Amino acid sequence: MKKYQRSRRLIHLILAVLFMTVFFTDSICAIVCIDCHSTQTGRALAPVNLWKTSIHAENGVFCNSCHGGDPSDAVNAMSPSRGFLGAPKRADIPKFCGKCHVGVLENYLASAHGKADLASGPVCIDCHGSHAAKKASIEIINEQLCSKCHSYEGSRILKNAFKETEDLIDTLQKKNSVLKMEGFDVEGVEKGIFSSRNDLHSVIHEVNIVKVKESIAKIKPGLDKAEASHLLIDREKSSREKIGVLAISIIFALALILHFFRKSFDDPENKSQ
Amino acid sequence: MGVCSGGLLTLIGAGTVYPIFRFLSPLSVDSHGAKVAISLENLPEGEAKFFEFQGRAAVLIKRKNGNLSLLSAVCTHLGCIVKWEKEKEEFLCPCHGGRFSPDGTVLGGPPPKPLEQLPFVVKDGSVNVG
Amino acid sequence: MNPVTFIYDWIDRRIGLNDLTAKYLTGYLLPRNINIWYSMGSILLLIFGVQVLTGILLLVYYSPSIETAFKSITFIMNQVPFGWLIRTCHAVGANMMVLFLLIHMISVIFMGSYKAPREFNWLSGFGLLNMVFGICLTGYLLPWSQLSFWATTVATSGAGSVPFIGEYILEFVRGGKLVGAPTLGRFFVLHVIVLPAGIAGLIGIHLFLLQRTGVSTPPSYDGPVEHWKGEQYEYEKHPDGIPFFPHFLVQDLVANCIYAIFFFAIVFFVPNIFFPAEAFFPANPFETPAHIKPEWYFLPNYQVLKIFPNEFIGLIVQGIAMTFLAALPFIDIWPKRNFLKRPLFLTCVMLGIFTFIGLMIWGHFS
């Protein structure tokens, strides 16, 4: 028993050490950059607090992931020889973000936004913000942002097209998980919905409404198929309930007949008691 | 009352037996091996490829002269699975020595009928059945 | 002569069918005021029969290996015609078996039917209760879902807290240090062969004992009752009673129908009441789901283990409670049976039931 506990403790210890190593190497990155910048003021301090609220902070993407440099060495942290990039020029921003967001970069560069010259066309941070970037949502397409450069009318149509499909995918996904919890085999449907969502998100930086509608039209059959599978399961469920009603009524009728049959046995002497 | 309860009991009996009967019934063959595609790349001349088609054994042979034939591999005598004799280019049933030609004709032994030929199409380097 | 009567007579003259009928059916008399609580046993027989039937059917498609078990259950639930019905009946039936065993036991306690000379009836019933717990526990693992895997891990881990030999017992039960393929193998054999055979045998003994001692008179009976004096074997007769056939059999069938309605209402309208979400994910030994709880009937045991700082003390407390329950006819030796006239007894029983239910609720929300 003791031996068992000891070996369990040992495993816990090893796991803990491993975890700490990973955790601390990452937090050290943060600590050097953030330690230093936290003590500064104004422009040098602002990114720290903004970053803390971002989707990047939430997922453990630290300063050096984008800006380079050596976060473990306070003296040489910002030395170009350690890969420090500093703040990108406006023209370099798409490539800067595209280091990680590869597919998005491709999609953006092919779009009117990406093809427009830099003075007039938007780069990533114009819509998503920089240090405080949040999880992207369809609400980024809004009147305030879009009308900075052009009229909102076209954007509204675009947004509605995206939103309609995204909502449909959400509904299907929710319904699918409910069915899964009821024991239905919806593994295949789930994969289909997942890949539809990916397909939609891979064209989300496209701004040509014709092209967007074409892409959505390609996604649609997959979603229709998922919907059809759900409909089939719904029908199956309601037919099961019908069988249930039938079975229960038959047994109920039998119970009634048997009950009166039993009553008919009772002789008057028993009834008086 | 007797008729009523008799009827109900019959219903209950049927309602119990029917699901069990369906539960145990063989699943429809459509769901498995309804359509089979066999790549010709992996089939050298003179060789045979055995596979399952709609729940039964089937065989595809590529003769030395390049001709293809597709047959049921079930011997028409007592239902054993025939063997392909590469050198002689004929089928031999290991059970009672029935012999068939590559197109299914009986060459000798007890089989009463030739092996059944199955229709197929060759498309993009593979044989499609069903 | 009517051919049916002719054949019947022909057989009767040889094996004495009329004699058998007179002795065990029409001439077998039961207390006149016999009530619905006396039908629990026949309901349990029905449940056991349905479990055996659906269990055999499930075995046609189930595959007891850690690679295929979950897939085979998904296949039964989705592909096989009426597979969902057979499987749901089996899973709901298991819960019903425990529920009605508890009701049966509690009604026997209230009716005082465990008292001398029925100690053996009580003990065989107690044995059945434990074996049913065992068959539920082993059956729970077979689908090899996240729920199966982790509930079994939690349920078996208690054994590890026995001093000195606990670790060995745990490994012996699981067939390895952790729940895995060896556990599935042994649980499968226990669930489909050993325990069903044991339960069937014990049911036989239980019914045999019932036959030998006679049905106990309900405490509300106002006629003269002859108590067993303990000097010699005596069969409890009910001279002014009702015959087993047709009177009580029909009454039993009505009770069975009422049960069947309750059972089918669950099977068809709330089939997932006993299936938490984890039941639909395949077992993953590297990912413990949050809030894993045992089945409702094991919640009191689970909570007792949690209350005490040392799991072994918890096990001992459970052991004492179970021993007390088993030894009830030897502890409560007073002949008086009407619980309404026994305030102390009534208080103890109610306290026991409330503790059990309280622990269950506590375990559910803890």
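All values below come from the heavy atoms of this structure, side chains included, with hydrogens, waters and symmetry mates left out. Because the structure is predicted, anything quoted here is derived from the model rather than measured.
Surrounding CZ of C:Phe75 are more than 12 heavy atoms belonging to other residues, nucleotides or ligands, all under 6.0 Å away. Counting non-hydrogen atoms of neighbouring residues, nucleotides and ligands closer than 6.0 angstrom, the NZ atom of A:Lys99 exceeds 12 such neighbours. Counted within 6.0 Å of NZ on A:Lys237, heavy atoms from surrounding residues, nucleotides or ligands total more than 12; the atom is thus considered enclosed. More than 12 heavy atoms of other residues, nucleotides or ligands sit less than 6.0 Å from atom CD of C:Gln79. The neighbour count for A:Lys180 NZ, taken as heavy atoms of other residues, nucleotides or ligands under 6.0 Å away, is above 12. Residue A:Lys242 qualifies as open at atom NZ: its count of foreign heavy atoms under 6.0 Å is 12 or below. Atom NZ of A:Lys213 sits in a sparse spot, with 12 or fewer heavy atoms from other residues, nucleotides or ligands closer than 6.0 Å. Within 6.0 Å of CH2 on C:Trp296 lie more than 12 heavy atoms contributed by other residues, nucleotides or ligands.
Looking at every heavy atom in both residues, A:Asp185 comes nearest to C:Asn78 through N-OD1, 2.7 Å. Of all heavy-atom pairs spanning C:Ala277 and A:Met181, the tightest one is CB-SD, 3.3 Å. The minimum heavy-atom distance linking A:Glu182 with C:Phe280 is given by the pair C-CZ, 3.9 Å.
Interatomic distance, CZ of A:Phe265 versus CZ of C:Phe248, reported as 13.0 Å (0.5 Å rounding). For the atom pair CD of C:Gln251 and CG of A:Leu258, the computed distance is 11.5 Å after rounding to the nearest 0.5 Å. Taking CZ of A:Arg262 as the start and CG of C:Leu253 as the end, the distance is 12.0 Å to the nearest 0.5 Å. For the atom pair CZ (C:Phe264) and CD1 (A:Ile251), the distance works out to 4.5 Å, reported to the nearest 0.5 Å. Separation of atoms SG (C:Cys257) and CD1 (A:Ile257) is listed at 10.0 Å; rounding is to 0.5 Å. Note that the CZ atom of A:Phe252 and the CD1 atom of C:Ile258 stand 9.0 Å from one another [nearest 0.5 Å].
A:Glu236 touches chain C through its side chain: at least one heavy atom from C-beta onward sits under 4.5 Å away, while N, CA, C and O do not. With a 4.5 Å cut-off on non-hydrogen atoms, C:Pro276 does not touch chain A at all. Heavy atoms closer than 4.5 Å to chain A are found in the side chain of C:Phe281, but not in its backbone. Interface remark: C:Ala279 contributes no atoms to any contact with chain A (heavy atom separation under 4.5 Å). For a residue to count as touching a neighbouring chain, one of its non-hydrogen atoms must lie under 4.5 Å from one of that chain's; by this rule C:Phe82 touches chain A with the side chain only. No part of A:Ile250 comes within reach of chain C, as not one of its non-hydrogen atoms sits under 4.5 angstrom from that chain.
Taking the side chain as every heavy atom from C-beta outward, C:Phe269 and A:Val245 approach each other to under 4.5 Å.
For chain C, the option among A:Ala247, A:Gly244, A:Ser249 with the highest count of heavy-atom pairs below 4.5 Å is A:Gly244.
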